[in-house]
Amino acid sequence: MKFGYFCNTTNWNHKPYNQLLDETKEITTFCDQNNWDSIWYTEHHFNHEGMESCTNPLMMGVDAAARTKQIRIGQACNVITFHNPIRLAEDIALLDQLSNGRVDVGIGRGIYGREAINMNKEADLKDQAKNFRLFEESLTIMKKAWTEEFFSHHGEFYTYPSPNFTWQHDMSPPSDKFLDTKTNEIKKISIVPKPKQNPHPPIWQVVDGARSIEWAAQNGLNTIMWIPTVKALKKRFEIYQEAKSKAENRDVPLGEGVSLVRDMFVAETMEEAEKMAGEHIINYMKWVCHWRGLGNHMDPGEELPETKHKLDLLNYDFLHKRNLLFGTPEYVVNKINELKTELNLQNLQVWSNFPGIDHEACMRSIKLFNDEVIPKINFNEDDVEKAS
């Protein structure tokens, strides 16, 4: 199993931002030095409250590339509907070159209306169909920019190159690869650099509903999932497996192409894990579930009891049994083994720097996970045979 760290940088206590960055750098360096597979940075905007405080995962990735040697550098995710797709493709390609081909590209459509309407009015989440068309077109342009020497695009939102622009320069020999040599009108353009990885870095789409899961599989994308219970995830994994098998005309194993994010806090005792981090993960889930409700936490067919307010059931006991990797190393090992058994899970991202959590406590949790959990998960039957 490959382990990644989901570095959703938060600043609930409004510490100086440089301190927040220093703490993030410590997490990044630790994971790299201890052979974690990947680290993932997030994108959120206008969050003065402090729940999510990283606006640019690619700039975080540049810093990570400079201070690490082997860890893969991901974004979970780039909200591509917020950005000019050519500029985003260029930035990702440059990061891939700077990191010597260590980039994983996470993409998404956005979940917060406050962000979407102010970053790009075309991405307004009130019009989900239009937002999806913008997402699809943006990704198409990015792929063209990465894989074609010269490309053009004529779509609903973007037209490249800009029409009726002529180009003539003594140091730029005319070529029908990009120019109408009779009129000197530019017909195609090219980005520099191309990615280090060929044809481009792996792409991971953050998905939730069945439609998004199927679309990702049909379009050759990996997926990132987060909240659901094991039973609910099983259905999502099977939807992806079936769609990917059909799209690629082969029997795709369950779990291939899927990365799961789980909230994690490892401590010496179960009680200590709840005491040190329980309140903080509940506060974060209150933030998320204000929009999402609790439906994503339910097993298939399970119904929420009637309550006065939609979040009345949201407490530690409700969450812990459903999707939290909170507890002793032994408990967390057992929960991860359940994910392996039920889902054939191959990629796990864990997160522990919740809003308000003490950084030293966060680091101790990460180190316990590194020292007491990962070795037991990856200690397989072959290792037993070798030891005997």
Side-chain angles (χ1 to χ4, degrees), residues 1-13 15 20 23-31 34 36-42 50-54 76 224-230 233 259-289 294 296-297 314-340 345 347-378:
M1 179 180 288
K2 294 181 179 179
F3 291 94
Y5 191 85
F6 177 73
C7 202
N8 186 16
T9 306
T10 63
N11 196 14
W12 191 239
N13 295 330
K15 65 187 73 170
L20 185 71
E23 293 171 356
T24 304
K25 292 172 185 177
E26 184 178 357
I27 294 172
T28 300
T29 302
F30 177 87
C31 291
N34 287 275
W36 289 48
D37 178 71
S38 57
I39 188 158
W40 303 75
Y41 305 104
T42 60
M51 279 296 182
E52 293 140 334
S53 303
C54 178
I224 300 174
M225 304 182 191
W226 177 27
I227 289 176
T229 66
V230 174
L233 282 170
S259 183
L260 176 65
V261 177
R262 275 292 195 244
D263 308 313
M264 175 274 293
F265 197 89
V266 184
E268 300 292 347
T269 67
M270 299 297 291
E271 294 75 18
E272 183 182 9
E274 179 180 359
K275 180 179 180 181
M276 296 182 71
E279 177 184 354
H280 302 303
I281 189 59
I282 293 300
N283 284 337
Y284 183 74
M285 283 300 170
K286 286 180 178 178
W287 174 266
V288 172
C289 293
L294 296 180
N296 232 16
H297 295 268
L314 185 55
N315 55 45
Y316 187 79
D317 290 338
F318 175 86
L319 283 182
H320 187 260
K321 62 185 179 182
R322 296 170 183 273
N323 50 28
L324 297 185
L325 299 180
F326 276 46
T328 63
E330 293 75 18
Y331 177 84
V332 174
V333 166
N334 288 335
K335 298 301 287 186
I336 296 175
N337 280 334
E338 179 187 14
L339 294 170
K340 290 180 66 176
L345 184 66
N347 303 281
L348 177 65
Q349 300 176 35
V350 294
W351 178 42
S352 56
N353 53 323
F354 316 115
I357 197 75
D358 178 74
H359 178 65
E360 290 186 6
C362 170
M363 287 305 304
R364 174 157 179 76
S365 173
I366 294 172
K367 290 174 181 176
L368 279 170
F369 187 87
N370 181 79
D371 297 343
E372 303 293 336
V373 175
I374 292 178
K376 294 178 181 177
I377 297 298
N378 286 334

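Since this is a predicted model, take the numbers as computed values, not measurements.
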- Aromatic plane relationship, Trp36 with Phe369 - under 30° parallel, 30 to 60° tilted, over 60° perpendicular: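 The arrangement is tilted - the two ring planes meet at 30° to 60°.
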Sub-4.5 Å side-chain heavy-atom contact between [X] and [Y]:
| X | Y | result |
| --- | --- | --- |
| Trp287 | Glu52 | yes |
| Glu268 | Arg364 | yes |
| Met51 | Thr10 | no |
| Asp263 | Phe6 | no |
| Leu345 | Leu233 | no |
| His320 | Glu274 | no |
| Glu330 | Lys376 | yes |
| Ser259 | Val261 | no |

- CA sep, side-chain torsions, deciding dist, call: Leu348, Leu325, side chain to side chain contact (heavy atoms under 4.5 Å, CB included): CA-CA 11 Å; Leu348 177 65; Leu325 299 180; 4.3 Å; yes
Please round to the nearest 0.5 Å and tell me the distance separating atom [atom1] of [X] and atom [atom2] of [Y].
| X | Y | atom1 | atom2 | result |
| --- | --- | --- | --- | --- |
| Ser352 | Ile27 | OG | CD1 | 6.0 Å |
| Leu339 | Asn337 | CG | CG | 9.0 Å |
| Met264 | Phe326 | CE | CZ | 9.0 Å |
| Asn34 | Asp371 | CG | CG | 7.0 Å |
| Tyr331 | Thr269 | OH | OG1 | 13.5 Å |
| Ile39 | Gln349 | CD1 | CD | 10.0 Å |

- Message: By the definition side chain to side chain donor-acceptor pair (under 3.5 Å), identify the one residue from Thr28, Asn370, Asn353 that meets it with Tyr5.
- Response: Asn353
Give me the atom names and distance for the closest heavy-atom approach of [X] to [Y].
| X | Y | value |
| --- | --- | --- |
| Asp317 | Lys321 | O-CG, 3.7 Å |
| His280 | Gly356 | CE1-O, 3.3 Å |
| Trp12 | Pro355 | CB-CB, 3.6 Å |
| Leu20 | Asn11 | CD2-CB, 4.0 Å |
| Ala76 | Ile224 | CB-CD1, 4.4 Å |

- Query: With the threshold set at 4.0 Å, does a side-chain nitrogen-carboxylate oxygen contact exist between Lys335 and Glu338?
  - Reply: yes
Would a distance-only check, ignoring hydrogens and angles, find a side-chain to backbone donor-acceptor pair under 3.5 Å from [X] to [Y]?
| X | Y | value |
| --- | --- | --- |
| Arg262 | Trp226 | yes |
| Asn323 | Ile227 | yes |
| Ser365 | Ala361 | no |

- Can we call the ring centroids of Tyr284 and Phe265 under 6.0 Å apart? no
- Which of these, Asp37, Ile374, Val373, sits in a side-chain contact (heavy atoms from CB on, under 4.5 Å) with Phe3?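 So, applying the side-chain contact (heavy atoms from CB on, under 4.5 Å) to Phe3 and each of Asp37, Ile374, Val373, only Ile374 qualifies.
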- Task: Check whether the side chains of Glu26 and His359 place a donor and an acceptor atom closer than 3.5 Å, and report yes or no.
- Result: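 There is such a pair between these side chains.
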- Query: Is Lys15 atom NZ crowded by more than 12 heavy atoms from other residues, nucleotides or ligands, each under 6.0 Å away?
  - Reply: yes
- Task: Could you please spell out the steps behind the side chain to side chain contact (heavy atoms under 4.5 Å, CB included) verdict for Lys340 and Ile377?
- Result: CA-CA 9 Å; Lys340 290 180 66 176; Ile377 297 298; 4.0 Å; yes
- Derivation of the side chain to side chain contact (heavy atoms under 4.5 Å, CB included) call for Leu319 and Met285: CA-CA 9 Å; Leu319 283 182; Met285 283 300 170; 3.7 Å; yes
- Test Cys362 against Glu23 for side chain to side chain contact (heavy atoms under 4.5 Å, CB included), laying out the working first. CA-CA 10 Å; Cys362 170; Glu23 293 171 356; over 6 Å; no
